[in-house]
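See below for the structure under consideration.
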Amino acid sequence: MAPLPRLSSPRREILWFVGLTLAVSSVFYVLMARAGGLTAGGAALVPWLMWTPGLVAVALQLRFRRSLAGLGWSAGKTRYWIAGYFVPIAYSLVVYALIWASPLGDFDLTALDRLRERWPLLFLGSLQSCLFALGEEIGWRGYLVPRLARLLDFDGVALTSGLIWALWHAPLVLFAGYRSEAPVGYSLLCFTLLAVGASYLYAWIRLKSGSLWPAVLLHGSHNLWVQGFFDRATLDTGPTEYWSGEFGAGLAAAAIVIALVTRRLARGMDLPRRQPTA
């Protein structure tokens, strides 16, 4: 097998990363679909799939840069770690409080009792969620975002990384049951808006902090609290599937607001020196 050509530009590095990530991930898409989706045997493959972007990024980094430096391993400032963990709790609480206070959904009172009983497990749950999220974030924010920032302005970085992130999830929504009971097209639209909107915050916290870890906490905290608490604490009243969860309009709308706020925060932020795109 002929050796891969040396990557001489961020654009080529991005194309190799996206192409290899989608190619390797397609193996897991097929296996998950054949296993009956994420609610059946395919669930065991989720950690492997989540680590695919990270492993591809590490392989490319070693192959073409001969070092793992540059993926954002430095700790960064504590305030970004705090923001990374608690911002998902804040926006989820706003969205779900509005749902619970309306006919769109109801709050399960036993959820608080379960939370009090299991709070010692919260730390372990956070670690596990962040461990899975780390696999994605090494790829999306550790590898992809800094390279996009050498070619595009902040809006371009956030929008492009968000669309790629949503595209990577799309086969799961379409073929592996990773969606709500709402129509597939509706679930895919809401998830795409959520992924693209949230990517503004992910890109900002990665570039502003210079660290990968706040994005890992952001991702892990979102998965833990949305899927592990808020969704389970919400009782279906009929239209709930259309508004709650990652495939509902509530979090999609919140992500759009987050994107608008983050765009203001990003004004004047220094990005890595751009290189010619030709």
Side-chain angles (χ1 to χ4, degrees), residues 18 21-22 25-47 49-50 52-53 88 91-108 111 129 132-133 136 140 158-202 219 222-260:
V18 174
T21 298
L22 292 177
S25 298
S26 65
V27 176
F28 294 105
Y29 300 148
V30 172
L31 292 175
M32 287 177 174
R34 289 182 175 178
L38 300 185
T39 58
L45 298 170
V46 170
L49 176 64
M50 292 182 71
T52 297
Y91 65 66
S92 299
L93 184 59
V94 171
V95 169
Y96 281 85
L98 291 174
I99 292 173
W100 297 333
S102 72
L104 301 177
D106 203 358
F107 178 66
D108 183 359
S129 186
F132 292 164
E136 285 195 47
W140 306 130
L159 182 61
T160 303
S161 62
L163 289 172
I164 293 171
W165 196 22
L167 174 64
W168 182 76
H169 283 89
L172 299 178
V173 177
L174 295 173
F175 307 116
Y178 182 54
R179 58 180 181 267
S180 67
E181 296 300 321
V184 175
Y186 181 88
S187 296
L188 183 60
L189 173 61
C190 288
F191 185 86
T192 300
L193 292 175
L194 171 60
V196 173
S199 289
Y200 278 78
L201 178 58
Y202 280 83
H219 194 157
H222 172 93
N223 287 352
L224 175 69
W225 287 98
V226 171
Q227 300 171 10
F229 175 73
F230 287 104
D231 280 350
R232 297 182 182 183
T234 303
L235 299 175
D236 191 357
T237 60
T240 307
E241 295 286 351
Y242 288 84
W243 293 94
S244 68
E246 296 181 324
F247 311 100
L251 287 177
I256 294 173
V257 174
I258 289 170
L260 295 174

I'd like to know if the side chain of Y186 reaches the main chain of F247, judged simply by a donor and an acceptor atom lying under 3.5 Å from each other, with no hydrogens or angles considered.
no
With the side chain counted from C-beta on, respond yes when L104 and L98 share a heavy-atom pair under 4.5 Å apart, and no when they do not.
no
Closest non-hydrogen atom pair between P88 and S92, with its separation:
O-OG, 2.7 Å
If you look at every heavy atom in A233 and W100, which pair is closest and at what distance?
O-NE1, 4.0 Å
Test side chain to side chain contact (heavy atoms under 4.5 Å, CB included) on L38 and M32; report intermediate values, then the result.
CA-CA 7 Å; L38 300 185; M32 287 177 174; 3.7 Å; yes
Starting at CG of L194, measure out to NE2 of H222 and round the result to the nearest 0.5 Å.
5.5 Å
Is any side-chain heavy atom of F132 less than 4.5 Å from a side-chain heavy atom of N223?
no
Between W165 and E136, does the side chain to side chain contact (heavy atoms under 4.5 Å, CB included) criterion hold? Intermediate values first, please.
CA-CA 9 Å; W165 196 22; E136 285 195 47; 3.0 Å; yes
If only atom types and distance count, is the side chain of S102 paired as donor or acceptor with the main-chain N or O of I99 below 3.5 Å?
yes
Looking at A259 and G197, what are the two nearest heavy atoms and their distance?
CB-O, 3.7 Å
Show the nearest heavy-atom pair for residues T237 and P103, with the distance to one decimal.
OG1-O, 2.7 Å
Side-chain contact test, heavy atoms from C-beta onward, threshold under 4.5 Å: evaluate it for Y178 versus E246 and give yes or no.
yes
So which heavy atom on L251 is nearest to which on V95, and how close?
N-CG1, 3.9 Å
Going by distance alone, is a donor N or O of one side chain under 3.5 Å from an acceptor N or O of the other, for S25 and W168?
yes
Compare all side-chain heavy atoms of L224 with those of F229 and state whether any distance is below 4.5 angstrom.
no
Tightest non-hydrogen contact, residues S199 and A158, listed as CB-O, 3.5 Å
Could you check if a side-chain atom of V184 sits within less than 4.5 angstrom of a side-chain atom of L174, using non-hydrogen atoms only?
yes
Backbone N or O of P53 within a donor-acceptor pair of the T21 side chain at under 3.5 Å?
no
Go through the structure and list residues passing side-chain hydrogen bond (donor to acceptor under 3.5 Å, both in side chains) with Y200, not counting sequence neighbours.
none
Which distance, rounded to the nearest 0.5 Å, do you find between the CZ of R179 and the SG of C190?
14.0 Å
Take atom CD of E181 as the centre, draw a 6.0 Å sphere, and report whether it contains more than 12 heavy atoms from other residues, nucleotides or ligands.
no
Can you list the steps and then say if L172 with L49 is a side chain to side chain contact (heavy atoms under 4.5 Å, CB included)?
CA-CA 11 Å; L172 299 178; L49 176 64; 3.7 Å; yes
Judged by modelled atom types alone, do Y202 and H219 share a side-chain donor-acceptor pair under 3.5 Å?
no
Side-chain contact, heavy-atom cut-off 4.5 Å: E241 with D236?
yes
Checking side chain to side chain contact (heavy atoms under 4.5 Å, CB included) for the pair W225/L93: CA distance, chi angles, key distance, verdict?
CA-CA 9 Å; W225 287 98; L93 184 59; over 6 Å; no
Under the ring-ring contact (aromatic ring centres under 6.0 Å, His included) test against F230, which residue among Y91, Y96, W243 passes?
Y96
Here the gap from L163 atom CG to L159 atom CG, rounded to the nearest 0.5 Å, amounts to 4.5 Å
In Å and rounded to the nearest 0.5 Å, what is the OG1 to CG distance from T52 to L22?
10.5 Å
